[in-house]
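Down below is the structure, laid out as structure tokens.
So you know, we letter chains A, B, ... as the sequences are listed, proteins then strands, and number each from 1.
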Amino acid sequence: MLSKFRSVPSICNGLLVHRFINTNPLCTMLHHQDSPQSPELPPWVKFSDTPSSPDTNDDFVIPSLAPWVDAHVFNPHPTKPINQSSMLNNEDGVEAITTLLKKQPYLSFDQVAQALDAHGFQVSAALVQQILKRFSNDLIPVFGFFKWAKSQTGYVHSPELFNCMVDILGKLKRFDLMWDLVKEMAKLDSGYLTLGTMVKVMRRLSKNRKHEEAIEAFRGLEDFGVDKDTKALNLLMDALVKGDSIEHAQNVFLEFKTSISLNSYSFNILIHGWCKVGNFDMARKTMENMKEHGFNPDVFSYTSLIEAHCRDKDFRKVYQVLEEMKGNGCNPNAVTYTTVMLALGKAGQLSEAMELYMKMSSDGIVADAPVYSALIFSLGKAGRLKDACDVFDDMPKQGVVRDVVTYNTMISIACAHSKEETALRLLKEMGEVSCKPKLETYHPLLKMCCKKKRMKVLKFLLAHMFQNDLSPDVGTYCILVHGVCKSGKLDVACSFFEDMVLQGLTPKDSTVKLLVGELESKGMLKEKEHVENLMARVTHKQNAGLV
DNA sequence: CTAGGGTTAG
């Protein structure tokens with residue numbers, strides 16, 4: 001153990017062409033002790049002018065970040081100064097409509113339309129796109145707006161926007177409305193309803209365990225003027241596999257293999273499906289079947305096998321398959337190596353991950369952003385913040401552009417070590433390098449803020465999220481409710497819970513249980529009743545299939 | 001159109 005550990009630094013030194021220089025601010029920050037328990041506050045702490053509750057640590061704001069934070073907290077939707085007047089109208093329109101849609105809980109699509117009618121909004125494709133993105137979790141506002149926009153004279157939704165709306169309805173599990181819209185598209189000009197539309201339909205149905213309905217959608221493709229070809233079949237099988245039913249995918253394969261021609265993708269999708277459920281026998285049988293059809297197992301087939309063995313942490317088998325594929329003239333690529341490196345890192349086998357990186361390099365494979373992310377993750381997991389930082393810093397020097405996962409990984413590491421300044425700075429930098437944050441980017445940050453009771457920063461993050469057209473999903477609310485509950489802020493937990501339900505999201509059982517339990521133990525019976533009433537409404541709506 | 005990234009809390 002110890003010898004392995006000792007060997008790592010030298011490997012790591014060899015890895016990096018440019019050694020890290022200690023003056024890098026990011027690195028200094030990571031090593032700076034944030035000292036959360038220290039009674040002595042660092043000299044640069046700024047005291048907020050808003051009074052905070054004694055149980056809140058809002059006062060902590062890093063001076064250089066404070067203006068950035070304040071701008072979002074106090075003005076979540078600033079209108080960007082734009083010179084061109086046409087652009088100004090659009091930007092203004094988006095903000096004005098956003099405000100209007102958020103203003104009150106609308107009870108019907110028509111109510112939304114009425115509210116919109118009262119203003120003289122000018123509709124454009126860009127505006128509709130922005131609103132659909134912003135309100136993709138809010139059925140009544142988003143669909144009410146979509147219908148209203150459709151009826152505006154001089155404006156017609158593009159096929160892309162119809163597809164986007166179909167996808168949103170599927171995401172919101174309103175399959176009745178989704179099908180109505182699909183049928184409506186079929187009646188419009190050709191070019192509206194395409195395979196692209198039906199892929200969204202099949203994916204959303206599969207994801208919601210409506211596998212039979214997804215297969216029915218495929219069967220009916222020709223009625224909508226879409227070909228039932230190899231590509232369509234593969235997309236259906238892939239949707240079924242991703243919707244956790246390799247069995248349905250296999251049945252579809254058996255049913256259509258004589259009428260629709262197959263390609264290597266068809267087999268790889270099934271191999272992936274069998275690997276996903278850990279059925280190596282069927283994965284191997286499918287590989288044999290693949291050969292009988294004249295296709296050789298390729299890097300996709302083998303990487304699926306390797307990934308499954310990685311999940312089992314069966315690295316002996318992983319190395320075996322690596323040898324096997326090379327023996328069959330199929331070389332592992334960056335994806336294969338990343339899969340194994342990350343699994344090793346997760347399993348705490350950092351030096352093995354590093355060795356594999358070197359092996360990859362000696363094979364002449366150039367590291368891309370995911371490879372670097374896997375390295376960074378492994379180093380972070382092993383507590384080697386400085387080295388993780390070095391690798392992150394090395395990326396641009398090697399001509400590799402950091403992507404959203406690279407940032408997510410770095411932010412996760414920083415948050416896990418309570419380096420909130422670093423984490424926030426990374427988020428800020430993402431905006432500057434136009435690497436758009438995703439919901440997952442915020443999750444570790446939100447978790448950390450809840451834990452440290454940074455309510456002001458929490459508020460800032462939520463505003464920042466919205467400005468990036470991201471709205472919290474069930475997972476986000478889960479983190480928020482659990483996080484503030486554990487910090488004893490039950491009132492805040494209740495208001496997050498209410499938001500979640502009003503958004504039409506279904507809280508997880510564990511979330512309800514935790515919140516109700518906490519409220520009960522604190523004797524907050526009125527709040528507890530409120531939560532239970534909210535839950536009853538959710539259940540009722542679901543049973544009735546209502547909006 | 002097929003394989004890689006991040007992920008609550010218990």
Side-chain angles (χ1 to χ4, degrees), chain A residues 195-196 198-199 202-203 229-239 241-242 249 262-276 283 286 290 295 297-311 321 325 330 332-343 345-346 360 365 367-378 380-381 402-413 415-416 437-448 450-451 472-486 496 507-511 513-515 517:
Chain A
L195 178 59
M198 295 311 288
V199 169
M202 295 189 294
R203 289 222 167 107
D229 56 11
T230 310
K231 185 176 169 184
L233 177 64
N234 289 346
L235 285 165
L236 171 65
M237 291 196 298
D238 188 53
V241 165
K242 302 231 163 97
L262 304 166
N263 60 16
S264 62
Y265 292 23
S266 321
F267 292 95
N268 283 334
I269 290 162
L270 290 174
I271 291 166
H272 177 229
W274 290 119
C275 285
K276 217 177 145 192
T286 308
M290 187 175 180
F295 305 106
D298 56 20
V299 67
F300 289 88
S301 331
Y302 287 112
T303 303
S304 287
L305 278 178
I306 287 172
E307 192 201 354
H309 289 309
C310 279
R311 227 184 21 243
V321 177
M325 65 190 286
C330 174
N333 63 15
V335 178
T336 320
Y337 279 112
T338 307
T339 306
V340 182
M341 279 170 53
L342 193 74
K346 281 182 180 165
M360 185 190 92
I365 296 167
D368 59 9
V371 171
Y372 276 101
S373 300
L375 269 179
I376 291 169
F377 177 90
S378 304
K381 165 95 183 171
R402 295 158 180 159
D403 66 9
V404 65
V405 180
T406 317
Y407 277 102
N408 289 356
T409 308
M410 282 299 288
I411 289 173
S412 265
I413 294 172
C415 289
K438 295 176 63 168
L439 264 188
E440 292 80 359
T441 310
Y442 294 94
H443 287 173
L445 287 158
L446 295 171
K447 196 183 157 190
M448 178 182 61
C450 290
K451 199 174 160 192
D473 66 359
V474 180
T476 314
Y477 278 115
C478 204
I479 293 166
L480 291 169
V481 174
H482 279 258
V484 293
C485 253
K486 282 195 86 174
F496 280 138
K508 295 193 179 189
D509 288 344
S510 61
T511 309
K513 216 182 261 178
L514 177 82
L515 186 56

Nearest to the side chain of His482(A), heavy atoms from C-beta on, is which of dC1(B), dT8(B), dG4(B)? dT8(B)

Taking the side chain of Ala334(A) as its heavy atoms from C-beta onward, which of dG4(B), dG6(B), dT2(B) lies nearest to it? dG4(B)

Nucleotide of dT8(B), dG4(B), dA3(B) approaching Asp368(A) most closely (side-chain heavy atoms): dG4(B)

Where the side chain of Phe377(A) is concerned, which of dT7(B), dA3(B), dC1(B) is the nearest nucleotide? dT7(B)

Go through dG10(B), dG4(B), dG6(B) for me and flag the one nearest to the Lys486(A) side chain. dG10(B)

Heavy atoms from other residues, nucleotides or ligands near NZ of Lys486(A) exceed 12 (cutoff 6.0 Å): no

Residues at least two apart in sequence or cross-chain that pass ring-ring contact (aromatic ring centres under 6.0 Å, His included) with His309(A), listed by chain then number, are Phe280(A)

Please classify the nucleic acid contact of Val241(A) as base, sugar-phosphate, or nothing, using heavy-atom distances under 4.0 Å. nothing

Determine the contact category for Lys346(A): base if any of its heavy atoms lies under 4.0 Å from a base atom, sugar-phosphate if only primed atoms, P, OP1 or OP2 are that close, otherwise nothing. sugar-phosphate

Go through the steps for His443(A) and Cys415(A) under the test side chain to side chain contact (heavy atoms under 4.5 Å, CB included), then give the verdict. CA-CA 10 Å; His443(A) 287 173; Cys415(A) 289; over 6 Å; no

With heavy atoms under 4.0 Å as the rule, sort Ala232(A) into base, sugar-phosphate or nothing. nothing

Mind checking if Thr339(A) touches a base, just sugar-phosphate, or nothing, with heavy atoms under 4.0 Å? sugar-phosphate

Using the side-chain heavy atoms of Tyr265(A), tell me which of these nucleotides is nearest: dC1(B), dA3(B), dG6(B). dC1(B)

For Lys447(A) and dT7(B), is the shortest distance between a side-chain N/O and OP1 or OP2 below 4.0 Å? no

Set of residues satisfying side-chain hydrogen bond (donor to acceptor under 3.5 Å, both in side chains) with respect to Thr230(A), sequence neighbours excluded: Ser261(A)

Determine: side-chain N/O of Thr441(A) to OP1/OP2 of dG6(B), distance under 4.0 Å, yes or no. no

Check: Asn333(A) side chain, dA3(B) base, donor-acceptor under 3.5 Å: yes

Would you classify Asp298(A) as touching base, sugar-phosphate or nothing, given that sugar-phosphate means primed atoms plus P, OP1 and OP2, and contacts are heavy atoms under 4.0 Å? nothing

Which listed nucleotide (dG6(B), dG4(B), dT2(B)) is nearest to the side chain of Glu307(A)? dG4(B)

Think Lys242(A) has a side-chain N or O under 4.0 angstrom from the OP1 or OP2 of dA3(B)? yes

I need the CD1-C1' distance between Ile479(A) and dG10(B), as an integer number of Å. 15 Å

If you measure from the Lys or Arg side-chain nitrogens to the Asp or Glu carboxylate oxygens, is any gap between Lys513(A) and Asp509(A) under 4.0 Å? no

With respect to the side chain of Phe300(A), which nucleotide from dG6(B), dT2(B), dG4(B) is positioned closest? dT2(B)

Among the nucleotides dT8(B), dA3(B), dC1(B), whichever has the atom closest to the side chain of Leu235(A) is dC1(B)

If you check every side-chain atom of Pro370(A), which of dA3(B), dT8(B), dG4(B) has the closest atom? dG4(B)

